[in-house]
Amino acid sequence: MYRIYFVLLLSLLFTACDDSTSHHSHHDHGHSEAHAEGSVAPPLNPVSVIGGITVVEMTGNDRMKYNLEAFSVPAGSLVKLNFRNVGKMPKAVMGHNVVFLKADVDSGAFATAAAAARDNEYIPVQFEDQILARTNLLGSGESDTIEFTAPNTSGDYEFLCSFPAHLFAGMRGVMTVE
Ligand SMILES: [Cu+2]
């Protein structure tokens with residue numbers, strides 16, 4: 001069943017890529033996608049600091065994009081992440097999560113292992129100890145809030161969606177710990 005959905009999804013994607021005008025048939029009410037070089041200012045700052053806690057508002061959509069692909073937090077500080085799947089497609093073909101990896105974890109290897117972990121919501125058990133923090137896997141309209149402590153070591157920490165192929169479609173980003 002899932003396999004069939006996945007094939008359907010792939011053919012949908014290829015159709016969309018072949019015909020760029022098809023994008024216009026989808027009505028995007030949110031305009032929440034970040035444009036490549038920020039030519040359009042985002043309506044809201046998705047990152048704010050409230051009482052010393054960095055509050056991050058993230059979304060994932062049916063085009064396999066997060067609303068933000070980079071943000072910074074102070075080392076060792078508390079981070080509160082509100083994540084919402086703003087897409088319309090069913091979870092079986094377009095689920096999203098946000099998985100923050102520890103330093104120097106190979107995100108490509110993680111994603112490949114994750115794709116085989118459908119029964120565990122695409123979280124590979126052999127990588128569980130390499131995860132800094134993560135949300136649940138969300139279907140259309142669902143949201144999840146997590147809180148975690150940023151690492152004490154400054155540097156770049158990757159985050160990604162572990163649903164099959166989403167990392168490779170661009171559903172990834174970097175949290176910079178300063
Ligand atoms: Cu995703």
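Note that ligands are numbered from 1 as they come in the structure, with each ligand's atoms numbered from 1 the same way. Values below: all heavy atoms of this structure, side chains included; hydrogens, waters and symmetry mates excluded.
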Inset, instruction - Count the heavy atoms belonging to other residues, nucleotides or ligands that lie under 6.0 Å from NZ of Lys102, then report whether that count exceeds 12. - result: yes
Legend entry - Validation row: Leu101, Tyr157 side chains within 4.5 angstrom (heavy atoms): no
Inset, instruction - With the Cu ion (ligand 1) as the reference point, give the N/O/S atom of His166 that is nearest. - result: ND1
Legend entry - Asn97 versus Ser162, side-chain donor and acceptor atoms under 3.5 Å: yes
Legend entry - Minimum-distance atom from the Cu ion (ligand 1) among N, O or S atoms of His96: ND1
Legend entry - SG (Cys161) - the Cu ion (ligand 1) - SD (Met171) angle, nearest 10°: 110°
Legend entry - Residues Ser107 and Glu158: side-chain donor-acceptor under 3.5 angstrom: yes
